[in-house]
Amino acid sequence: MSVRRHTDSVRGTHRRPADLEALHTAVIDWFAQHERPLPWRKPGTSAWGVLVSEVMSQQTPMSRVAPRWTEWMRKWPTPADLASASTADVLVAWDTLGYPRRALRLQECAQAIVTDHGGNVPHDEEVLLGLPGIGAYTAAAVAGFAFGARTAILDVNIRRVLARAVDGHEHPGNATKTETAWARELLPESPQRSVRWNAGTMELGALVCTSRNPRCDECPLLAPCAWVDAGKPASPERKPKTQAWHGTDRQLRGAIMGLLRISHGTPVRADLLVANTVDFDVDAAALLPEKVQDGIAKVRRLADGERISSLVDDLEADGLLCRQTAEQSGERGSVLTLPQSPSDQ
DNA sequence: AATGCGGGGGA
DNA sequence: TCCCCAGCATT
């Protein structure tokens, strides 16, 4: 089969393989043989479970998501369960998945589902898009994987596989409308096949057609891959560097998450907590082992007042902590309080 | 269109 | 070290 021949090259990224059906079959058959046994893929998983798995997987590898998802669904099997949980419990269960604002948005999403949709995850992609923490990718993924909708799902994996195999080069930045329209044209006709196509293309991008060191020798599309034929050209752009970690606000947020877990009796790696601790004033520090407290005291001397001040605003806006004014606390400076910690309940 | 946002694991 | 990971919200 020669899938690569783009007979009707519209323009730019709009290319279409001559034998689209063969491409679909190659991906779907490969997926049937290589699908990872992820917990949310087990039969009977609810739409809510699918939604949770997708939010947890935003910018986070699935291998790290799986254990957190299982525990999360055990604690809060329905949107109503999560909606009524305490913020502290939610953040603790999120553990070290990263970007903890996602956990806050997920709880807000559950509350919106209860309030506005009778406690049931909406089927409609446009409605899903209106929920907190649900963007273009997640709305499409839930519509497709939870409800079997025929829709174009554009995550980093599908974008890369399609760009390489069909177009021959990768596209920088976020998915454009043009790219979305292109992906829609490549969808199989039947909804059932389109779901397998979406899931299979994602899996192919995650396991074989990876960003670095792709395993082309294991790829079912080796023969027709436009990217291989073009000599595997490098991705055109490099993303801007992510904000530094050491000594920044992000590091302190990590420390507060660690303290929150400790206050709930969840083990926390002491070295990680100390490394993440810049300077803060929180009662929960008394719960820390002496060795860790010493480490915190040491790092505290490196405090940057201005940076910490902006951090407090940020944390408060994210709902990660509450700030009391000097008059309220009777102390000098601000006092940071963990939201709904056990002592508050 | 550009930024900010965690944290872990692999090359 | 650097890069990447089933993105989203805000400006």
Side-chain angles (χ1 to χ4, degrees), chain A residues 31 35-36 38 40-41 50-69 91 94-106 108-109 128-146 152-162 170 172-177 180 183 195 198-207 209-215 234-235 237-246 248-258 260-261 268-269 271-273 275-276 310-311 313-315 317-320:
Chain A
F31 184 52
E35 177 180 3
R36 288 171 293 181
L38 296 166
W40 49 86
R41 286 176 171 170
V50 172
L51 189 154
V52 171
S53 79
E54 295 301 341
V55 171
M56 285 184 172
S57 301
Q58 293 165 0
Q59 296 288 282
T60 305
M62 311 294 267
S63 56
R64 292 181 53 204
V65 167
R68 294 297 107 229
W69 181 87
L91 290 172
W94 193 259
D95 199 49
T96 58
L97 282 178
Y99 292 147
R101 61 170 58 167
R102 291 183 294 159
L104 303 176
R105 297 298 95 80
L106 183 55
E108 293 167 11
C109 178
L128 286 164
L129 198 51
L131 294 170
I134 307 296
Y137 162 75
T138 308
V142 171
F145 297 142
I153 303 175
L154 276 189
D155 78 317
V156 65
N157 291 309
I158 292 184
R159 288 187 66 207
R160 183 174 56 247
V161 171
L162 295 185
E170 301 176 47
N174 297 320
T176 62
K177 287 186 176 180
T180 304
V195 169
N198 281 325
T201 310
M202 271 196 203
E203 195 82 336
L204 191 60
L207 299 181
C209 190
T210 50
S211 181
R212 288 179 303 182
N213 306 116
R215 308 170 161 198
S235 184
E237 291 273 323
R238 281 281 63 93
K239 305 175 183 74
K241 282 187 178 180
T242 58
Q243 183 189 16
W245 171 255
H246 188 75
T248 65
D249 297 356
R250 308 183 87 178
Q251 189 180 29
L252 179 49
R253 273 189 287 273
I256 292 177
M257 287 289 288
L260 186 56
R261 288 192 291 275
V268 173
R269 275 173 51 193
D271 60 335
L272 190 63
L273 180 61
N276 287 349
S310 68
L311 163 72
D313 293 341
D314 197 1
L315 287 171
D318 269 357
L320 283 175

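If you're wondering where the values come from, they're calculated on a predicted model, not measured in any experiment. Note on naming: letters A, B, ... go to the chains in the order of the sequence lines (proteins, then strands), and numbering restarts at 1 for each one.
Rounded to the nearest 0.5 angstrom, A/Arg101 CZ and A/Glu108 CD are separated by 11.5 Å. One finds the CH2 atom of A/Trp94 at 9.0 Å from the CG atom of A/Leu104 (value rounded to the nearest 0.5 Å). Note that CD1 of A/Ile158 and CE of A/Met202 are 4.0 Å apart. Values are rounded to the nearest 0.5 Å. Between the CZ atom of A/Arg159 and the OG1 atom of A/Thr176 there is a distance of 7.5 Å, given to the nearest 0.5 Å.
Looking at heavy atoms from C-beta onward, A/Leu106 lies in side-chain contact with A/Val52 at the 4.5 angstrom threshold. Under the 4.5 Å side-chain criterion, counting only non-hydrogen atoms from C-beta, A/Leu51 is in contact with A/Ile134. The shortest side-chain heavy-atom distance between A/Arg68 and A/Thr96 does not fall under the 4.5 Å cut-off.
Between C/dC5, B/dG7, C/dG7, one nucleotide has an atom nearer to the side chain of A/Thr96 than all others, and that is B/dG7. When distances run from any side-chain atom of A/Arg212 to the nucleotides C/dG7, B/dG10, B/dG6, the shortest one goes to B/dG10. In this structure, of B/dG6, C/dA6, C/dC8, it is C/dA6 that holds the atom nearest to the side chain of A/Glu203.
One atom, CZ of A/Phe31, and another, P of C/dA6, lie 13 Å apart when rounded to the nearest Å. Atom CZ in A/Arg102 sits roughly 9 Å away from atom P in C/dG7 (whole-Å rounding). Going from atom CG of A/Asp155 over to atom C1' of C/dA6 covers 4 Å, rounded to whole Å. Atom pair A/Leu104:CG and B/dG6:C1' shows a separation of 13 Å (rounding to whole Å applied). C/dC8 atom C1' lies 10 Å from atom OH of A/Tyr99, rounded to whole Å. In this structure, A/Glu170 atom CD and C/dC3 atom P are separated by 15 Å, rounded to whole Å. Rounding to whole angstrom units, OH of residue A/Tyr137 and P of C/dC5 are separated by 13 Å. Taking atom CG of A/Asn213 as the reference point, atom P of C/dC5 lies 12 Å away to the nearest angstrom.
Distances shorter than 4.0 Å separate none of the side-chain N or O atoms of A/Ser53 from OP1 or OP2 on C/dA6.
Of all heavy-atom pairs between A/Ala183 and A/Leu162, the closest is CB-CD1, 4.2 Å. Pairing each heavy atom of A/Leu91 with each of A/Ala103, the nearest pair is CD2-CB, 4.2 Å.
Shown for residues 59-68 of chain A: residues whose heavy atoms fall under 4.0 angstrom of DNA chain B, namely A/Gln59, A/Thr60, A/Pro61, A/Arg64.
Between the P atoms of B/dA11 and C/dA6, the separation comes to 14 Å (whole Å). On the C1' atoms, C/dC5 is 12 Å away from B/dG6, given to the nearest whole Å.
Checked by atom type, the side-chain pair A/Tyr137/A/Gln58 shows no donor-acceptor distance below 3.5 Å. Looking only at atom types and distance, the side chain of A/Arg102 has a donor-acceptor partner in the side chain of A/Thr60 under 3.5 Å away.
For DNA chain B, runs of at least 3 consecutive pairs of the Watson-Crick or G-U wobble type, with both hydrogen-bonding distances under 3.5 angstrom, map to B:1-5 with C:7-11, B:7-11 with C:1-5.
Judged purely by atom type and a 3.5 angstrom limit, A/Thr210 has no side-chain atom pairing as donor or acceptor with the backbone of A/Ala206.
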N/O contacts under 3.5 Å, protein versus nucleotides 9-11 of chain C?
unit_1	atom_1	unit_2	atom_2	d
C/dA9	OP1	A/Gly133	N	2.6

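At a threshold of 4.0 angstrom between heavy atoms, the contacts of A/Arg159 with the nucleic acid are absent.
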